[in-house]
Amino acid sequence: MNQFWGVDADPTAQGRIKGARPVAVLDIGSNSVRLVVYERHARALTALYNEKSSCALGRGIAVTGKLAEENMTRALTAIQRFALVARLMKAGTVHVLATSAVRDASNRAEFVAGVERIMGVPVRVLSGEEEAHFAALGVVAGIPSFRGVVGDLGGGSLELSSISNDGVGPHGETHELGVIRLQDDSGGSPAKAAALVRARLKDSSLVKSTASTFCAIGGTWRSLAKVYQVQRRYPLHMVQHYTVKGPDLAKLCDEIVEAAETNKPYPGMDTTSSSRRDLIPFGAAVLGEVVKAGNFKNVVFSALGVREGYLYGLLDAAEQQVDPLVQAAEEISVLRSRSPLHAHDLVGFTDNFLSAIGFAETEEERRLRRVACLISDIGWRGHPDYRGEQSIDMVAYGSMTGVDHPGRAFLAEVLAVRYMGLKQKSVSRAILSLSGPVYSTRARLIGALFRVAYPMSAAMPGVLPRTSFVLENNTLVLNLAKDLAFLAGEHLQGRLDQLASVADLKDAVIRIP
């Protein structure tokens, strides 16, 4: 291993997984250069550091065929600082990836040599097909259940790929439809850009596939998703796994293109960052035409792409099969709960209760309940009056992947009930409502069950496995071991009565066999 990067991770780092060895990815794109340092190379990636520098390396390549000297200098200066950051973060391994602008430039060798001198590791210049492949793997990493067509929009190109039950499709496509390239090729006209998109995608087999869902990756499309959220007053401003109706999104894209073409403020323009403001109309031109050409019913946005897909591809087959949501929840439990072992007791405790009352679960509902158990004690360090709201925020706005927005809302509502009771009136009610009525009912039930468990166990392992539930004549019976008889007080009985009420049962009793 290169000695420059061969430093040991600091096991005493606060708030970090013990022994975790950071891994870094430097992503050199057509619009920006970004460094992401992850806590460790695992199925669930947690970013320790994430920063980009807008260098516009792809600007003018369609005309000159070369990277502009000024842009190369800007990028190399940013990379010098990123090299220092990676060293300060004690990254054990650093991967450097370059995409469209670098691979298309006639002077790429000069630039790549400069990057390698600074970073001390080789630069991997991805082909268009490789870029499409790793973008699709990034979707698999963050949304394992996704099936459909994936599009990764950069500054210089659009990469397309497909994901089916058999995995990532064998043949990706790359098209000269990046937002910077389109801006240059169209002379700054979003309407002409839309026409170029139609022309350049006419022979795409992936766009014209039978898939009903399109997954959108890339910074400009993430910004476009945020515009849509603002326009729809959507309460959770998070792009990862955000799903919208294709025709509705295509309509917004057309409105943005039309407004920008006539030099009028486009919808949501005042809410976008200055670095993306001029590019969003061209991103809208691409996305609108893709959705219409493919007749996609739904569009889901992914914040994970080539970087995460590249790291996912380096994992062994067994690690790739790990559930990223469960792994993330287990890490959170280790970092934030009073006893990770208690969380596993809680899984068995809830198993027993649901079995006793005959409450059916799908595989996905069982998975979310397990995750709720793992993260159920994350708020204990907070002030008692604010533990519930803080826990809701940690779940709703956390970096966990493998969960859609209704699933996030379910987990957040479980913790809202666990900390604030069945009559909780969270300030985040709009977010909690995203779970829908079915998940909300389940969240109240699981949260009420947690309110029975915690007074008995004090968040410590060993107590809950010595209890059990049975249902007799529509009455919920909680059995306690003889030496735990002292727990059968008024407080526990009150919590048990609440649980029985939520479960629509007649009564609840505590029994000492």
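Basis for what follows: all heavy atoms, side chains included, without hydrogens, waters or symmetry-related copies.
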Next item on the list: Would you mind telling me which of Arg369, Arg367, Arg442 makes a side chain to side chain donor-acceptor pair (under 3.5 Å) with Glu361?
Entry: Arg369
Margin query: Could you check whether His342 and Ser457, counting side-chain N and O atoms only, form a donor-acceptor pair closer than 3.5 Å?
Written below: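 Ser457 vs His342: donor-acceptor pair found between side chains.
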Notebook entry, point to check: Do the side-chain N and O atoms of Glu413 and Ser440 include a donor-acceptor pair separated by under 3.5 angstrom?
Noted result: yes
Donor-acceptor pair, distance only, cut-off 3.5 Å: does the side chain of [X] make one with the backbone of [Y]?
{"X": "Arg43", "Y": "Gln320", "result": "yes"}
{"X": "Ser426", "Y": "Ser428", "result": "yes"}
{"X": "Arg408", "Y": "Val395", "result": "yes"}
{"X": "Arg34", "Y": "Asn50", "result": "no"}
{"X": "His41", "Y": "Leu311", "result": "yes"}
{"X": "Trp380", "Y": "Arg387", "result": "no"}
{"X": "Asn473", "Y": "Thr475", "result": "no"}
{"X": "Thr272", "Y": "Met269", "result": "yes"}
{"X": "Arg495", "Y": "Phe450", "result": "no"}
{"X": "Ser223", "Y": "Gly219", "result": "yes"}

Any non-hydrogen side-chain atom of [X] less than 4.5 Å from a side-chain atom of [Y]?
{"X": "Asp152", "Y": "Phe134", "answer": "no"}
{"X": "Thr243", "Y": "Thr213", "answer": "no"}
{"X": "Val371", "Y": "Asp323", "answer": "no"}
{"X": "Leu471", "Y": "Leu505", "answer": "yes"}
{"X": "Leu137", "Y": "Val168", "answer": "yes"}
{"X": "Tyr242", "Y": "His405", "answer": "yes"}
{"X": "Leu249", "Y": "Phe296", "answer": "no"}
{"X": "Thr401", "Y": "Ile143", "answer": "no"}

Margin query: Quick check for you: to the nearest 0.5 Å, what is the distance between Phe353 atom CZ and Leu478 atom CG?
Written below: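 So the gap between those two atoms works out to 10.5 Å.
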Check this for me: [X], atom [atom1], are more than 12 non-hydrogen atoms of other residues, nucleotides or ligands nearer than 6.0 Å?
{"X": "Arg338", "atom1": "CZ", "result": "yes"}
{"X": "Asp483", "atom1": "CG", "result": "yes"}
{"X": "Tyr386", "atom1": "OH", "result": "no"}

Check: Under 6.0 Å between the ring centres of Phe469 and Phe349?
Finding: yes
Next item on the list: Give the intermediate values and the outcome of salt bridge (charged side-chain N to carboxylate O under 4.0 Å, His left out) for residues Arg370 and Glu330.
Entry: CA-CA 10 Å; Arg370 179 185 177 191; Glu330 288 173 339; 3.4 Å; yes
Note to self: Checking Ile392 against Ile431 for the side chain to side chain contact (heavy atoms under 4.5 Å, CB included) test, could you report, in this order, the C-alpha distance in whole Å, the side-chain angles of both residues, the deciding distance, and whether it holds?
What the structure shows: CA-CA 9 Å; Ile392 290 171; Ile431 291 176; 5.5 Å; no
Item checked: Test side chain to side chain contact (heavy atoms under 4.5 Å, CB included) applied to Val463 and Leu484, step by step -> CA-CA 9 Å; Val463 175; Leu484 297 178; 4.1 Å; yes
Note to self: Could you check whether Arg366 pairs with Asp351 (Lys NZ or Arg NE/NH1/NH2 to Asp/Glu carboxylate O, under 4.0 Å)?
What the structure shows: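 No, Arg366 and Asp351 are not salt-bridged.
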Checklist line | Passing option when Tyr266 is tested against Glu258, Arg277, Glu255 for side chain to side chain contact (heavy atoms under 4.5 Å, CB included) | finding: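 By the side chain to side chain contact (heavy atoms under 4.5 Å, CB included) criterion, Tyr266 pairs with just one of Glu258, Arg277, Glu255: Arg277.
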Checklist line | Ring-face cation of Arg418 near Tyr454 (centre distance under 6.0 Å, axis angle within 45°) | finding: yes
